[in-house]
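Numbering of ligands and ligand atoms starts at 1, following listing order. This is a predicted model, so every value here is computed, not measured.
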Amino acid sequence: NETITIKGKQFFILKIIGRGGSSKVYQVLDHKKQLFAVKYVDLEEADAQTVESYKNEIQHLNHLQLYSDQIIKLYDYEITNSYIYMLMECGNLDLNTWLRNRKTVNPLDRKFYWRNMLEAVHTIHNHGIIHSDLKPANFVIVNGSLKLIDFGIANRLQPDVTSIMKDSQICKKGDVWSLGCILYCMTYGKTPFQSITNQIAKLHAIIDTSHPIEFPDISEKDLLDVLKSCLVRNPRERISLKELLDHPYLHHSP
Ligand SMILES: CN1CCC(Oc2ccc(-c3[nH]nc4cccc(OCC5CCCCC5)c34)cc2)CC1
């Protein structure tokens, strides 16, 4: 059976968890039979900007360990000119798979996972990181709570916006919209524009302020208010992450 050595420690590959362009994620065991996830990135074909983006992501992930339990644990990493190994905490299931496998979501699970997502994104925002590509696959269920597994920095397609120093308060609202879409999915079992199959028509609907998003009535009025406040098209009018953390939905029983 294949093994991986990181900083002189040997790990036994159990299975591959996922694969991307030049990256693979393995489920591994150490000599004490402790379970880990190892992310391997092949840097042979990577250009300097890509390598830099991975180093940037690792530095932030390493630093943010201290600030929140809702950020995946990074135990160690090894970077050479040809590869990166990241030794990380292993979850049971990513949120995307979890959502696909179930028709309805238990209101308590939904509220708990929402709290975890808000805390994780609040943590990266407080350190000047805007994910801008949040989706269920960025979260993993570890012992019943959600953890953010990446910050959307590595291999970002569009160049880093910090150089243009856009108004970060407005850009942070983009992550609030994404979180709102995830919560919408956990509430109604579909994303806000899923019923529009034509991609162009879907894009027009997303940006068209006169296209109303449907919010079928539900018993949890606080949840309905959170959804309507996140899915406001004008970022200036959209609720902030701070306000979401103080919202009655998180503090009042259903
Ligand atoms: C379809 N099947 C997949 C395996 C398993 O789900 C996961 C288990 C562990 C994990 C994970 N833990 N720590 C992780 C640390 C980094 C990355 C991680 O995943 C990356 C990528 C894997 C594919 C799905 C999106 C996330 C990590 C993640 C999915 C069961 C469902």
Side-chain angles (χ1 to χ4, degrees), residues 1-7 9 11-30 32-43 46 50-51 53-79 83-103 105 109 112-113 116-117 119-121 123-124 127 129 131-157 175 178-179 181-183 185-186 191:
N1 215 348
E2 287 283 290
T3 64
I4 293 173
T5 303
I6 303 174
K7 293 283 180 70
K9 263 189 81 178
F11 298 89
F12 304 89
I13 296 176
L14 293 179
K15 68 172 182 176
I16 196 155
I17 291 174
R19 61 179 73 218
S22 54
S23 66
K24 290 189 178 81
V25 181
Y26 299 97
Q27 191 179 56
V28 305
L29 280 181
D30 72 353
K32 295 179 194 155
K33 303 262 180 291
Q34 171 79 30
L35 202 60
F36 294 93
V38 168
K39 181 164 184 176
Y40 161 78
V41 184
D42 178 355
L43 296 180
T50 303
V51 174
S53 73
Y54 270 104
K55 286 180 177 173
N56 191 4
E57 175 112 19
I58 289 170
Q59 292 320 321
H60 281 301
L61 182 57
N62 197 35
H63 179 56
L64 294 194
Q65 303 284 301
L66 312 170
Y67 295 90
S68 167
D69 231 8
Q70 297 343 109
I71 304 285
I72 200 85
K73 286 278 163 285
L74 172 68
Y75 300 107
D76 211 344
Y77 56 92
E78 188 171 284
I79 305 184
Y83 65 82
I84 295 174
Y85 276 135
M86 297 162 74
L87 181 66
M88 302 164 89
E89 178 175 26
C90 193
N92 316 78
L93 197 57
D94 62 282
L95 185 63
N96 187 45
T97 307
W98 185 81
L99 276 174
R100 267 212 321 263
N101 291 349
R102 64 187 347 92
K103 287 287 151 278
V105 174
D109 287 339
F112 187 72
Y113 286 166
N116 295 158
M117 289 188 271
E119 185 188 322
V121 177
T123 302
I124 66 170
H127 290 83
I129 301 167
H131 194 291
S132 56
D133 187 25
L134 284 170
K135 51 202 175 300
N138 297 118
F139 293 94
V140 172
I141 301 168
V142 186
N143 302 327
S145 76
L146 279 189
K147 302 203 177 197
L148 183 62
I149 54 175
D150 75 83
F151 301 161
I153 300 172
N155 240 0
R156 179 188 285 268
L157 299 179
D175 283 344
S178 303
L179 287 170
C181 291
I182 296 174
L183 188 62
C185 205
M186 296 176 93
T191 51

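In this structure, Lys39 falls outside the shell of residues with a heavy atom less than 4.0 angstrom from ligand 1.
The residue from Leu74, Ile17, Ile16 that puts a heavy atom closest to atom 10 (C) of ligand 1 is Ile17. Considering only non-hydrogen atoms, atom 25 (C) of ligand 1 lies nearest to Asp94 out of Ile141, Asp94, Leu87, Asp150. If you check each of Val38, Val140, Val142 against atom 11 (C) of ligand 1, the one with the closest non-hydrogen atom is Val140. The heavy atom nearest to atom 19 (O) of ligand 1, out of those in Ile149, Asn96, Leu35, Asn101, is found in Ile149.
Side-chain atoms of Asp150 and His131, non-hydrogen and from C-beta on, do get closer than 4.5 Å to each other. Residues Leu29 and Leu35 form a side-chain contact, since some pair of their non-hydrogen atoms from C-beta on lies under 4.5 Å apart.
Under 4.0 angstrom from ligand 1, there are no non-hydrogen atoms of Gln27.
Considering backbone and side-chain N/O of Met88, none are found under 3.5 Å from N/O of ligand 1. For a threshold of 3.5 Å applied to N or O pairs, the pair formed by Thr97 and ligand 1 contains no separation below that value.
Using a 30° and 60° split on the angle between ring planes, His127 and His63 fall in the perpendicular class, above 60°.
Here the protein heavy atom with the shortest distance to atom 13 (N) of ligand 1 is Glu89 O, 2.7 Å. Nearest protein heavy-atom neighbour of atom 30 (C) of ligand 1: Leu93 CD1, 3.6 Å. In terms of protein heavy-atom proximity, atom 8 (C) of ligand 1 is closest to Gly91 O, 3.6 Å. Nearest non-hydrogen protein atom to atom 5 (C) of ligand 1 is Asn92 O, 4.0 Å.
Side-chain atoms of Asp42 do not come within 3.5 Å of backbone N or O of Tyr83 as any donor-acceptor pair.
Ligand 1 places these atoms under 4.0 Å from at least one heavy atom of Cys90: 12 (N), 13 (N).
The ring-ring contact (aromatic ring centres under 6.0 Å, His included) test with Phe36 is passed by exactly one of Tyr85, Tyr26, Phe11: Phe11.
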